[in-house]
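A quick write-up on the structure given underneath.
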Amino acid sequence: MERTVVVVKRALYSDIKVRNRPSFYATAVAWAAADFTQLLIQDDGAIVAHRTGLIVASDECSLSTIRDISHTAAQGTISPLRFAGASPSIVAGLPALQQGIRGPTLSLTMPPEHASNAIVAMIDYWIQRGNIVAVIAIAHYKEDECRHLFKGLIARSVGDELRQHVRQLCDPHTGEK
């Protein structure tokens, strides 16, 4: 029996737990993406880390960190650790590091509402030609200053069902509550 797509899951974060250390910095959105990725994997069961890909679509990504760097630069000081945390790819990189995912990763720095075709194309390519058995896809929406909505799925095959689920992923108003 071929496993297909896990139902689109959603989680709302209003209090993001940041676990930065003096030698490591990541934006709060990346920490929430890492936590949400862990929840998706726990709900679905084990993944094969070296054969799993990860896609995160967010037009926020590390914008808060970039703004912080801008403010501190205007004051004449910049922390070098903030530069790694300011990369938009941190929203996919940190979850991959936390979960041991060693397949391809991609951050789409765009509104998730416009990302469905790109997400489907990458999942299709990675599963059909990239020796990948699962792809975790996450959409991040900033609802207001303090609330972040994450929606995600784990795809294990391609086809019409995938396209339908990715459309749900990329619509902030649909999916499991």
Side-chain angles (χ1 to χ4, degrees), residues 1-11 13 26-63 65-66 84-142 148-176:
M1 175 168 70
E2 181 180 286
R3 292 189 297 176
T4 58
V5 177
V6 173
V7 175
V8 175
K9 305 280 185 181
R10 50 188 290 145
Y13 289 79
T27 186
V29 172
W31 287 107
D35 179 66
F36 184 66
T37 301
Q38 181 178 8
L39 292 174
L40 283 173
I41 293 168
Q42 285 174 348
D43 285 352
D44 185 48
I47 59 168
V48 180
H50 67 281
R51 295 188 64 200
T52 298
L54 175 66
I55 301 170
V56 180
S58 171
D59 60 351
E60 177 73 14
C61 292
S62 58
L63 193 54
T65 302
I66 293 169
S87 170
S89 65
I90 194 77
V91 296
L94 181 62
L97 286 171
Q98 292 285 304
Q99 297 304 314
I101 295 169
R102 298 296 179 252
T105 61
L106 176 65
S107 292
L108 295 172
T109 55
M110 62 192 304
E113 299 94 304
H114 303 293
S116 64
N117 288 337
I119 292 170
V120 169
M122 290 311 302
I123 292 171
D124 182 45
Y125 183 81
W126 288 347
I127 289 175
Q128 297 291 336
R129 296 177 187 86
N131 200 28
I132 297 300
V133 297
V135 178
I136 300 167
I138 296 173
H140 164 250
Y141 304 88
K142 185 173 181 180
H148 297 264
L149 171 65
F150 285 85
K151 295 179 69 176
L153 59 81
I154 300 177
R156 297 184 188 278
S157 67
V158 297
D160 290 337
E161 183 183 2
L162 171 65
R163 190 168 301 284
Q164 175 189 357
H165 284 7
V166 171
R167 276 196 300 270
Q168 288 178 7
L169 175 81
C170 294
D171 180 348
H173 306 294
T174 62
E176 182 182 289

Find out whether F36 and L149 are in side-chain contact, i.e. whether some heavy atom of one side chain is under 4.5 Å from a heavy atom of the other. no
Are the side chains of I138 and L40 in contact, using a 4.5 Å heavy-atom criterion? yes
D35: side chain to side chain donor-acceptor pair (under 3.5 Å) partners, not counting sequence neighbours: Y13
Could you state the interatomic distance from CG (L169) to OG (S116), rounded to the nearest 0.5 Å? 9.0 Å
Side chain to side chain contact (heavy atoms under 4.5 Å, CB included) filter on I127, not counting sequence neighbours, yields I123, V135, V158
Within this structure, what is the CG-CD1 distance for the pair D44 and I154, rounded to the nearest 0.5 Å? 4.0 Å
For P95 versus T37, what's the shortest heavy-atom pair and its separation? CB-OG1, 3.5 Å
CG (L153) and CD1 (I136) are apart, to the nearest 0.5 Å, by 9.5 Å
Applying side chain to side chain contact (heavy atoms under 4.5 Å, CB included), name anything that partners A96, two or more places apart in sequence or on another chain. L54, I101, T105
Can you tell me if Y141 uses its side chain to pair, donor with acceptor, with the backbone of C170 under 3.5 Å? yes
Show the nearest heavy-atom pair for residues H165 and V8, with the distance to one decimal. O-CG2, 3.4 Å
Please name all residues satisfying side chain to side chain donor-acceptor pair (under 3.5 Å) with R167, sequence neighbours left out, ordered by chain then number. none
Is it the case that the side chain of R10 and the backbone of H173 share a donor-acceptor pair, with hydrogens and angles ignored and the cut-off at 3.5 Å? no
Would you give the length of the straight line joining atom CD1 of I119 to atom CD1 of I55, rounded to the nearest 0.5 angstrom? 6.0 Å
CG of L108 to OG of S89, rounded to nearest 0.5 Å, is 12.0 Å
How long is the straight-line distance from NZ of K9 back to CG of L39, given to the nearest 0.5 Å? 10.0 Å
Could you pull out all residues at least two apart from D160 that satisfy side chain to side chain donor-acceptor pair (under 3.5 Å)? none
Kindly give the heavy-atom pair with the smallest separation between R156 and A134, and that separation in Å. NH1-CB, 3.5 Å
Nearest heavy-atom contact between H50 and R102 is CA-CB, 3.8 Å
Can you list every side-chain hydrogen bond (donor to acceptor under 3.5 Å, both in side chains) pair that touches residues 120-134, not counting sequence neighbours? R51-N131
Are the side chain of K151 and the backbone N or O of D171 linked by a donor-acceptor pair below 3.5 Å? yes
Please report the closest heavy-atom contact between Q99 and A34, naming both atoms and the distance. NE2-O, 4.2 Å
Over all atoms of both residues, closest heavy-atom pair of G103 and I132: CA-CD1, 4.3 Å
